[in-house]
Amino acid sequence: FTDCTSLRSVTIPDGVTAIRSCAFSGCKSLEYIAIPESVEEIEGEAFEFTPWLENQSRDFVVEGKGILIKYNGNDENVIVPDNVLSIGWSAFESCENVRRVTLPHGVTRIGAFAFYRSEKLETVYIPDSVTYVDICAFEECKSLVSISLPDNITEIPDSAFAYCGKLQYVKLPAGATQIDEDAFLRCESLESVTIPDGVKIIADGAFECCFGLKSIAIPDSVAYIDESAFGLYPNVVITAPKGSYAIEFAKNNFIGYEEI
């Protein structure tokens, strides 16, 4: 229904589970839409440039099965309400005032670009119920200092924390199996990282341009590290078990290493 400019009202039938990207984008007359609780996912820009979304007066625009579509408030300290089960695409994108966010127990997903360019964001409490974080979720959160990711998350997606220049500490989830492209690109304040046992892949650019990164502990479970994972001229020292893939990678790429 993109750019259906005469469309004024929509009722989504019960049983629909997802509303895809740009589904109603540009519907400039759309003032009413009913979304049933069966909807579990609403993708990016689904309602962009619609009066229905632009005229929302609620601080927390929650639709479907507990999906926070948009935060409209101005608070520095945001406590997301308990009825929220999913942080939608771009829900906090470019929020100028937000410094601290507390997500409720029960939230399971953090959508793509959820906190993108929230440049004053310093801390986010992520409960153990979260099992999935999508691409670019915290990209360009330039004031973010630390992050602790719950153990049930299995993948650190593309550009999840890219350009978080003040990020000093990250606790990676015990259940992680891979760290995707550019996940921590240009996290220039990050000094040390411990990769959890169980991670198998560290992808292209995962820690590229992390100029402050001095040490990274890599377990024996890692079976592939892209040659550009740490950029062209890394200063990092890899600590890993003797005879492991990580040690061989360090030797072959002229990176400092310490065997344990």
Gap separating the [atom1] atom of [X] from the [atom2] atom of [Y], nearest 0.5 angstrom:
X	Y	atom1	atom2	value
Ile33	Thr11	CD1	OG1	8.5 Å
Ile42	Ile69	CD1	CD1	4.0 Å
Phe113	Ser118	CZ	OG	13.0 Å
Glu208	Glu181	CD	CD	10.5 Å
Leu53	Glu63	CG	CD	9.5 Å
Glu140	Arg186	CD	CZ	11.5 Å

Give the C-alpha distance, both sets of side-chain angles, the deciding distance and a yes or no for side chain to side chain contact (heavy atoms under 4.5 Å, CB included) between Leu190 and Tyr169.
CA-CA 6 Å; Leu190 200 59; Tyr169 171 79; 5.7 Å; no
Identify the two heavy atoms, one from [X] and one from [Y], that lie closest to each other, and give their separation to 0.1 Å.
X	Y	result
Arg100	Leu121	N-CD1, 4.2 Å
Asn152	Asp128	ND2-O, 3.7 Å
Val39	Ile12	CG2-CG2, 4.4 Å
Gly26	Thr5	O-CG2, 3.9 Å
Ser143	Lys166	CA-CD, 4.1 Å
Gly111	Asp134	C-CB, 3.5 Å

Out of Phe230, Phe161, Tyr163, Phe138, which residue meets the ring-ring contact (aromatic ring centres under 6.0 Å, His included) rule with Phe184?
Phe161
Check for me, please, whether [X] and [Y] land in the same ILVMFWY cluster - side-chain distances under 4.5 Å, paths through other members count.
X	Y	result
Ile156	Tyr132	no
Ile67	Phe47	yes
Leu185	Ile135	no
Ile87	Ile147	yes
Ile35	Val61	yes

Ring centres of Tyr32 and Trp52 under 6.0 Å apart?
no
Neighbour count above 12 (heavy atom, 6.0 Å) for [X] [atom1]:
X	atom1	value
Tyr125	OH	yes
Lys171	NZ	yes
Arg8	CZ	no
Glu54	CD	yes
Phe211	CZ	yes

Could you check whether any side-chain N or O of [X] sits under 3.5 Å from a backbone N or O of [Y], counting only pairs where one atom can act as donor and the other as acceptor?
X	Y	answer
Ser129	Val107	yes
Thr177	Thr154	yes
Asn72	Arg58	yes

Only pairs under 3.5 Å count here: list side-chain donor-acceptor contacts from residues 13-22, not counting sequence neighbours, and write none if there are none.
from  : atom 1 : to    : atom 2 : distance (Å)
Asp14 : OD1    : Ser38 : OG     : 3.4
Arg20 : NH1    : Glu41 : OE1    : 3.3
Arg20 : NH1    : Glu43 : OE2    : 2.9
Ser21 : OG     : Gly44 : O      : 2.9

Have a look at Leu103 and tell me which of Leu68, Val84, Ile79, Ile110 forms a side chain to side chain contact (heavy atoms under 4.5 Å, CB included) with it.
Ile110
Flag the pair [X] / [Y] as yes when at least one side-chain heavy-atom distance between them is below 4.5 Å, and no otherwise.
X	Y	result
Cys187	Cys210	yes
Leu172	Thr194	no
Val98	Asp75	no
Ile202	Asp226	no
Leu213	Glu191	no
Lys142	Leu144	no
Phe1	Leu30	no
Leu167	Val145	no

The test is side chain to side chain contact (heavy atoms under 4.5 Å, CB included); show your working for Thr102 and Val80 and say whether it passes.
CA-CA 6 Å; Thr102 301; Val80 176; over 6 Å; no
Under 30°, 30 to 60°, or over 60°: which ring-plane class applies to Phe60 and Tyr71, parallel, tilted or perpendicular?
tilted
Donor-acceptor contacts under 3.5 Å from residues 239-260 side chains, at least two apart:
from   : atom 1 : to     : atom 2 : distance (Å)
Ser244 : OG     : Pro241 : O      : 2.7
Ser244 : OG     : Ile247 : N      : 3.4
Tyr245 : OH     : Ile225 : N      : 3.2
Asn252 : ND2    : Glu248 : O      : 3.1
Asn253 : ND2    : Phe249 : O      : 2.9

Evaluate the side chain to side chain contact (heavy atoms under 4.5 Å, CB included) criterion for residues Val130 and Thr108: first the C-alpha distance (whole Å), next the side-chain angles of each, then the deciding distance (0.1 Å), finally the verdict.
CA-CA 4 Å; Val130 172; Thr108 59; over 6 Å; no
Evaluate the criterion side chain to side chain contact (heavy atoms under 4.5 Å, CB included) for residue pair Val236 and Ile216; output intermediate values, then yes/no.
CA-CA 7 Å; Val236 67; Ile216 184 165; 3.5 Å; yes
N-O pairing of Lys65 and Glu37 below 4.0 Å
no
